[in-house]
Amino acid sequence: MANIDKLWGGRFRESTHALVEKFTESVSFDRRLALQDIRQNLAHIEALREAGVLTPEEAETLSRGLREIEEEIREGRFVFRRELEDVHMNIEAALTERIGPLAGKLHTGRSRNDQVATDFRLYLTEEVRSILELLRDLRRALVDKAEEVFGIILPGFTHLQHAQPVLFSHHLLAYYEMFSRDAERFRESLKRLAVCPLGSAALAGTPYPLDRELTARLLGFERPAPNSLDAVSDRDFALEFLFNAALTMMHLSRLSEELILWMSPEFGFIDLPDALCTGSSIMPQKKNPDVAELIRGKTGRVYGNLVALLTVMKGLPLAYNRDLQEDKEPVFDTVDTLKSCLELSVLMVEGLHPRVDRMRTAAEEGYTTATDLADYLVMKGLPFRESHHVAGRIVAYAEEKGLKLWEIPLSDFRRFSELIEEDVYEWLTVEGSVARRRTFGGTAPERVREALKRARQALEEDR
Ligand code: ARG
């Protein structure tokens with residue numbers, strides 16, 4: 001395309017090199033902002049009309065043209081042209097084709113710099129809202145499952161070694177907490193997204209008396225950005241989004257890792273529906289938790305996207321620099337990745353089937369009630385450090401004899417401590433162990449019931 005035809009072509013004598021055109025274009029990806037760009041154009045037209053830059057008739061013609069283009073975009077009929085560089089110039093060019101030279105007034109008092117920052121904020125606001133919906137689905141699925149499996153006990157782990165028995169519901173609600181914090185972070189980020197750059201123009205503001213409060217309000221923002229230089233070059237909102245997404249992905253990855261471990265025959269704690277697993281092209285017996293593995297794997301690219309944009313931003317002088325065009329792909333990729341990972345995690349949580357016997361057997365293995373034995377001795381008057389030592393010696397003895405703690409005869413127990421009596425046995429069952437952990441936030445059934453209730457209520461209030 002000859003430069004004379006480009007919207008910015010006036011001062012150019014030579015055509016853009018084909019490689020440069022290909023290198024600098026962004027319409028191949030920023031077309032995702034097309035509908036936001038239309039909305040933003042419509043709001044800008046209002047401000048231009050209010051400022052007396054456009055007559056009411058002109059404003060009407062421009063708006064009508066844009067609405068027709070919007071229709072074409074929605075129906076997938078709009079043809080984006082790479083030689084027009086980006087989504088903004090594609091839409092302006094289409095408007096010119098449609099209504100003629102009047103379209104040339106649209107860009108008065110505006111730059112693509114404030115334009116793209118505004119579109120991007122509008123876009124992310126919508127996506128954050130839909131991510132909040134998905135997070136809510138996931139939190140609800142965890143609460144539903146925690147209710148369904150109430151009473152099932154599995155070993156809790158530290159260092160991936162059997163530690164103490166816990167309710168499976170308690171374990172699931174730990175993830176509920178993580179995703180609730182994620183939701184809170186995304187929700188809070190909306191406040192910082194709700195700042196409107198439009199009217200900052202290229203970097204310094206504009207001589208036209210544009211009412212920035214008006215455009216901000218028309219677009220659903222809370223307020224106009226207070227500094228034009230910052231407004232066009234700030235991408236904190238995108239970085240905050242990428243960080244929030246990275247953190248959520250980390251939580252999804254941990255959940256996935258546990259599902260993978262639990263589905264291995266060594267654990268055998270759960271099964272996942274066939275519909276959520278895939279097979280091997282060579283080993284006919286295989287049923288693999290590939291969805292969980294891919295979520296774990298995709299966490300890497302989301303972290304990468306955060307680091308990519310942080311690196312783009314560092315060292316950028318004020319105000320707009322073309323480097324900023326590199327902000328979009330990491331964000332788009334993160335939005336797509338996070339949304340699909342959330343959707344699939346909901347399916348996995350809903351579909352997971354606990355293998356109660358396997359969990360139960362494992363909960364009894366590995367001397368998971370040894371702490372209770374120590375606590376028993378404390379109750380009988382021994383200082384904890386000493387009782388810890390005695391219980392440790394008993395565990396070593398039991399291990400040597402191949403006995404569970406509750407299979408040790410009382411006479412043997414008493415060789416380790418005279419304080420031990422018949423009532424020790426009720427301290428050694430996994431049910432007793434779980435039931436005694438009654439501190440707030442603990443795994444005792446009544447505490448977990450309360451936690452379920454709180455979670456339900458929070459989900460209700462979150463509507
Ligand atoms: N496509 C550009 C971007 O995404 C739009 C802004 C271009 N501004 C400019 N002065 N070249 O950042």
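Every number for a ligand or one of its atoms is a count from 1 in the order of the listing. Just so you know, residue 1 is the first one in the sequence shown, and it goes up from there.
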>> Suppose we call two aromatic rings close when their centres sit under 6.0 Å apart. Are His162 and Phe157 close by that rule?
In response: yes

> Between Phe241 and Phe243, does the ring centre distance come in under 6.0 Å?
Replying inline: no

> Trp262 and His171: aromatic ring centres closer than 6.0 Å?
Replying inline: yes

>> What does the 4.0 Å heavy-atom contact list look like for ligand 1?
In response: Ser26, Asp30, Asp86, Arg112, Asn113, Val116, Tyr320, Arg322, Gln325, Lys328

>> Between Glu72 and Arg98, does any side-chain N to carboxylate O distance fall below 4.0 Å?
In response: yes

> Is it true that Arg32 and Asp336 have a side-chain N and a carboxylate O under 4.0 angstrom from each other?
Replying inline: yes

> Using 4.0 Å as the upper bound for N to carboxylate O, is an ion pair formed by Lys145 and Glu148?
Replying inline: yes

